[in-house]
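Working notes for the structure below.
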Amino acid sequence: MFDRELLQRPATEVAPLLLGARVSVGDVTVRLTEVEAYLGEQDPGSHAFRGPGRRNAVMYGEPGSLYTYFSYGMHVCANVVTGELGTASAVLMRAGEILAGIETARSRRGTSRTDADLARGPARLCVALGITLADGGLDLQSGRVRLELPDRVEAFATGPRTGVSGAGGGEDYPWRFWIPGDRTVSRYLQHKPKKGP
DNA sequence: GTCGAGATTATCT
DNA sequence: GATAATCTCGACC
């Protein structure tokens, strides 16, 4: 199913609902196991914090669109745009489990050894699905990239965002959501225990 | 299995 | 010119 009204809610509410959702591109289908919420201009960790720009314009647009961006030069990451028109909230798809088209995904990601690695991480997910910058702004209901929401809400866990530099990371923004116990959840996002006194 | 450091380019100031 | 919502690789247990 694809409920656009559901996607008009703030990213922090939509994010847990996207867990277990299926994303399909061509022959490849992925089940989302980890996502992260970004609340636009009120969120210091968001690309939209400093206002609209060429890169993040899609985030201000229709909920249910695909927002793609380049990070660290070589990597592409994909978001689902949420919130009402004019708000810059979005949910970053961080990891997933390949349900179909695993051979296509494998051939695109020659470096992965295990199947669990194929879509573990935002950039890997995009490579496995074949999402590029050219797919940014597409409609997730009718475009090349399809999103299908789960029938039932999965059990989920929350935690602080990591990978966000400067303000916006840490415990003040516990907007990371994942399915507990899933092996496709990125390891470096798990709680890092510290050896302390 | 886990941990730590380096690479690389679109986008914005 | 600085910045970044990351990945890969090598070293170690």
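Just so we're on the same page: letters track the sequence lines, and every chain starts at 1. Computed from a prediction, not measured in an experiment: that's the story for all the values here.
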Answer yes or no: does a side-chain N or O of H75(A) lie under 4.0 Å from OP1 or OP2 of dC7(C)?
no
Is the NZ or CZ atom of R94(A) positioned over F177(A)'s six-membered ring, under 6.0 angstrom from the centre and within 45° of the axis?
no
For DNA chain C, produce a single dot-bracket line, 5' to 3'. Pairs: Watson-Crick or G-U wobble, both distances under 3.5 Å. Symbols: ( ) within strand, [ ] crossing, | other strand, . unpaired.
||||.|||||||.
Is the CG atom of D3(A) crowded by more than 12 outside heavy atoms at less than 6.0 Å?
yes
Rounding to an integer number of Å, can you tell me how far D117(A) CG sits from dT6(C) P?
17 Å
Please check if atom CZ in R106(A) has more than 12 non-hydrogen atoms from other residues, nucleotides or ligands closer than 6.0 Å.
yes
Side-chain donor-acceptor pair under 3.5 Å between R4(A) and Q141(A), yes or no?
yes
Determine: side-chain N/O of R109(A) to OP1/OP2 of dT8(C), distance under 4.0 Å, yes or no.
yes
Rounded distance (Å) that lies between atom P of dA5(C) and atom CZ of F177(A)
18 Å
Assigning hydrophobic clusters by single linkage (Ile, Leu, Val, Met, Phe, Trp, Tyr; side-chain heavy-atom cutoff under 4.5 Å), is V80(A) placed with I131(A)?
yes
Could you state the CZ-C1' distance from R120(A) to dC7(C), rounded to the nearest angstrom?
11 Å
From the list dA5(C), dC7(C), dT8(B), which nucleotide is the closest neighbour of the side chain of M74(A)?
dT8(B)
Do the side chains of I179(A) and M93(A) join up, straight or via other hydrophobic residues, at under 4.5 Å, putting them in one cluster?
yes
Who are the side-chain contact (heavy atoms from CB on, under 4.5 Å) partners of A48(A), not counting sequence neighbours?
S46(A), N56(A), M59(A), Y60(A), A88(A)
Check the hydrophobic clustering (I, L, V, M, F, W, Y; side-chain heavy atoms under 4.5 Å; chains of links allowed) and say if L18(A) and L125(A) are grouped together.
yes
For the hydrophobic clusters of this structure (ILVMFWY residues joined by side-chain heavy atoms under 4.5 Å, transitively), does one cluster hold both V14(A) and L92(A)?
no
If you count heavy atoms of other groups shown closer than 6.0 angstrom to CZ of R108(A), is the number above 12?
yes
Round to the nearest Å and state the distance from H47(A) atom NE2 to dT13(B) atom P.
13 Å
Please work out which residues in residues 132-140 of chain A have a non-hydrogen atom less than 4.0 Å from an atom of DNA chain C and list them by number.
none
Spell out, yes or no, whether L7(A) and L140(A) are grouped together once hydrophobic residues are joined by side-chain heavy atoms under 4.5 Å, including indirect joins.
yes
By ring-ring contact (aromatic ring centres under 6.0 Å, His included), which residues pair with Y69(A), not counting sequence neighbours?
H47(A), Y67(A)
Which parts of residues 13-23 of chain A get close to DNA chain C, meaning a heavy atom less than 4.0 angstrom away?
none
Mind listing the residues from residues 57-73 of chain A sitting with a heavy atom below 4.0 Å of DNA chain C? Number order is fine.
M59(A), Y67(A), Y69(A), Y72(A)
Just call it for G53(A): base, sugar-phosphate, or nothing, with non-hydrogen atoms closer than 4.0 Å on any strand.
sugar-phosphate
State, to 0.1 Å, how close D43(A) and A37(A) come at their nearest heavy-atom pair, and which atoms those are.
OD2-O, 4.2 Å
Between C1' of dT13(B) and CZ of R54(A), the distance in whole Å:
17 Å
Any salt bridge linking R109(A) with D117(A)? Criterion: basic side-chain nitrogen under 4.0 Å from a carboxylate oxygen.
no
R50(A) atom CZ is separated from dA5(C) atom P, nearest whole Å, by 12 Å
From the list dA5(C), dT6(C), dT8(C), which nucleotide is the closest neighbour of the side chain of R124(A)?
dT8(C)
Short side-chain N/O contact from R94(A) to OP1 or OP2 of dT6(C), under 4.0 Å:
yes
